[in-house]
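Shown next, in structure tokens, is the structure this report addresses.
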Amino acid sequence: MLDIQLLRKDIAFVASRLASRGITIDTAHFEALEAERKEIQTRTQDHQARRNALSKQIGIAKAKGEDASAAMAEVVRINDELKVLEERLGDIQEELNDFLSQLPNLPHASVPEGGSDADNVELRRVGEPRRFDFPVRDHVDLGEALDLLDFATAAKLASSRFSLMRGGLARLHRALAQFMLDTHTQEHGYEEVYVPYIVNADSMRGTGQLPKFEEDLFKLNNGMYLIPTAEVPVTNIVRDEIIPGENLPIRLVAHTPCFRSEAGSYGKDTRGMIRQHQFDKVELVQFVRPEDSYDALEELTSHAETILRKLELPYRVVALCTGDLGFSAAKTYDLEVWLPGQNTYREISSCSNFEAFQARRMQARFRREGGKPELLHTLNGSGLAVGRTLVAVMENYQNADGSITIPEVLRPYMGGLSVLRQGQD
RNA sequence: GGAGGCGUGGCCGAGUGGUUUAAGGCACCGGUCUUGAAAACCGGCAACGCGCAAGCGUUCGUGAGUUCGAAUCUCACCGCCUCCGCCA
């Protein structure tokens with residue numbers, strides 16, 4: 001949520017920053033609502049003040065045994081008017097709130113201008129895509145040939161866009177998550193958290209999934225939702241809290257499954273594990289002081305990159321342009337891993353600074369020594385998407401005979417195993 | 001699932017219809033005293049909204065209601081605790 005003060009003060013600025021994201025806002029509508037809100041609110045509060053004063057007089061009069069019927073009659077009259085005013089004020093405030101909650105965050109000044117992902121800016125490439133002297137297979141062919149990946153059975157159990165992993169591949173998937181958690185907790189100073197995979201609507205509003213993106217979520221019959229990312233439960237830990245300033249920054253990491261309905265993605269990435277209704281992700285979340293959040297974004301991105309470096313997977317870092325930013329983000333770096341099976345770089349992590357956008361929705365604040373509560377800044381990033389990392393390992397580490405070499409750093413998690421081949425357990 | 005109890009500021013806690021403008025304590029901040037610290041004493045100290053300000057308003061888990069007036073009464077919901085049942 002944007003700061004309503006900023007809209008009151010300089011709506012032209014807000015409109016122009018949103019225009020860079022391809023969003024047009026009805027400034028006249030907002031200004032009209034605000035003018036009415038101000039008038040109605042002033043009148044409402046005048047009435048309330050009058051009523052409170054009279055009620056106090058009535059109390060004093062009654063205590064003395066005097067007659068208070070004139071004052072009581074006036075309060076009745078004031079209450080009639082007040083009822084109308086309060087209703088109208090409530091409606092206006094709701095309308096303002098709806099207007100505000102539909103607006104995405106403003107892009108940071110350093111975000112490149114652009115209308116679509118074609119305008120994203122590649123910042124750096126790390127690692128050299130491997131040259132293969134045999135025909136490259138994608139992860140689906142590799143996994144099915146090894147009898148370790150079975151999409152047909154997954155579709156029988158659930159539907160398309162689910163996967164079934166077996167044996168060494170299931171273990172490799174688990175190894176990746178363990179390796180990521182251990183790296184972030186032991187080397188990068190994150191605290192591991194275990195969180196609910198089902199959350200309420202308030203949490204979804206806090207991080208910005210609601211009200212605009214309900215169709216992307218799985219909703220349960222009790223009104224709660226399956227999490228689309230650990231960002232939701234982990235970030236909402238600080239909702240409605242005032243954190244002592246000396247406790248910041250707070251760095252949390254969680255490994256969770258993620259559930260996405262992928263509505264509107266029919267025909268996109270239908271093959272393999274790239275786009276699933278259920279996938280695992282290790283998520284990094286930071287709560288920081290406002291002045292530290294851009295340094296924290298660089299640092300958090302480097303933490304995610306560390307995983308790719310240790311796995312020796314080639315990747316590139318891309319700065320999303322204004323038109324490609326997610327709803328709540330002020331700035332985002334995507335990490336894209338090289339997939340030989342697709343002969344291209346594919347997103348494997350998205351690291352964002354939300355500034356105070358989520359904190360304002362969540363009322364997540366901190367207090368400096370002796371100061372007033374201030375909104376903190378939130379950040380998060382995948383560190384990494386486990387399923388896509390598994391795909392990247394399979395495709396980049398494949399051998400001519402269809403076996404898959406296990407990256408060095410994962411072998412301790414695999415009981416020392418160095419290669420996945422057919423017929424193994 | 002059943003029965004009972006409870007939700008008050010950063011924390012503890014008083015308050016069962018009217019000068020509550022939420023007592024008191026802890027913590028915290030400032031001051032006096034002191035070589036310094038501690039103790040003692042004095043003062044300050046919830047959040048949010050509107051307003052240039054004075055100030056006004058809202059908030060006692062949440063929402064609805066009763067009343068001239070609600071932290072206090074009624075209803076619903078949420079959460080926590082205790083006991084019973086069930087269960088990994």
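Every chain is numbered from 1 and lettered A, B, ... according to where its sequence line falls, protein lines coming before strand lines. This one's a predicted model, so the numbers in the text were calculated from it and none came from an experiment.
Within 6.0 Å of CD on A:Glu187 lie more than 12 heavy atoms contributed by other residues, nucleotides or ligands. In the displayed structure, A:Arg360 atom CZ is contacted under 6.0 Å by more than 12 heavy atoms of other residues, nucleotides or ligands.
With a cut-off of 3.5 Å on both Watson-Crick or G-U wobble distances, the partner of B:C75 is given as B:G63.
Residue A:Gln41 is the one, among A:Gln41 and A:Gln48, whose nearest nucleotide of RNA chain B lies closer to the 5' end (criterion: closest heavy atom). With the nearest nucleotide of RNA chain B identified for both A:Ile60 and A:Arg8, A:Ile60 has the one nearer the 5' end.
With hydrogens and angles left out, the side chain of A:Gln45 and the base of B:G49 share a donor-acceptor pair within 3.5 Å.
Here A:Arg365 lies in heavy-atom contact (under 4.0 Å) with sugar-phosphate atoms only. Heavy atoms of A:Asn52 sit under 4.0 angstrom from primed sugar atoms or phosphate atoms, though from no base atom.
Regarding contacts with the backbone of B:U58, a side-chain N or O of A:Arg51 is found under 4.0 angstrom from either OP1 or OP2. Close to B:C50, at under 4.0 Å from its OP1 or OP2, lies a side-chain N or O of A:Gln5. Neither OP1 nor OP2 of B:A46 sits under 4.0 Å from any side-chain N or O of A:Arg367. Here A:Lys56 does not reach the OP1 or OP2 of B:C68: none of its side-chain N or O atoms lies under 4.0 Å away. Within the 4.0 Å cut-off from OP1 or OP2 of B:G69, at least one side-chain nitrogen or oxygen of A:Asn79 is found.
For A:His47 and B:G69, the NE2 to C1' distance is 17 Å, given to the nearest whole Å.
Proximity note for A:Pro373 (side chain, C-beta onward) versus B:C50, B:C68, B:C48: the nearest is B:C48.
Between A:Ser265 and A:Arg161 there is a side-chain heavy-atom pair separated by less than 4.5 Å.
Remark: the separation of the C1' atoms in B:C87 and B:G5 is 25 Å, to the nearest Å.
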Apply ring-ring contact (aromatic ring centres under 6.0 Å, His included) to A:Phe357 and A:Phe327, showing your working. CA-CA 10 Å; A:Phe357 189 85; A:Phe327 182 77; 5.7 Å; yes

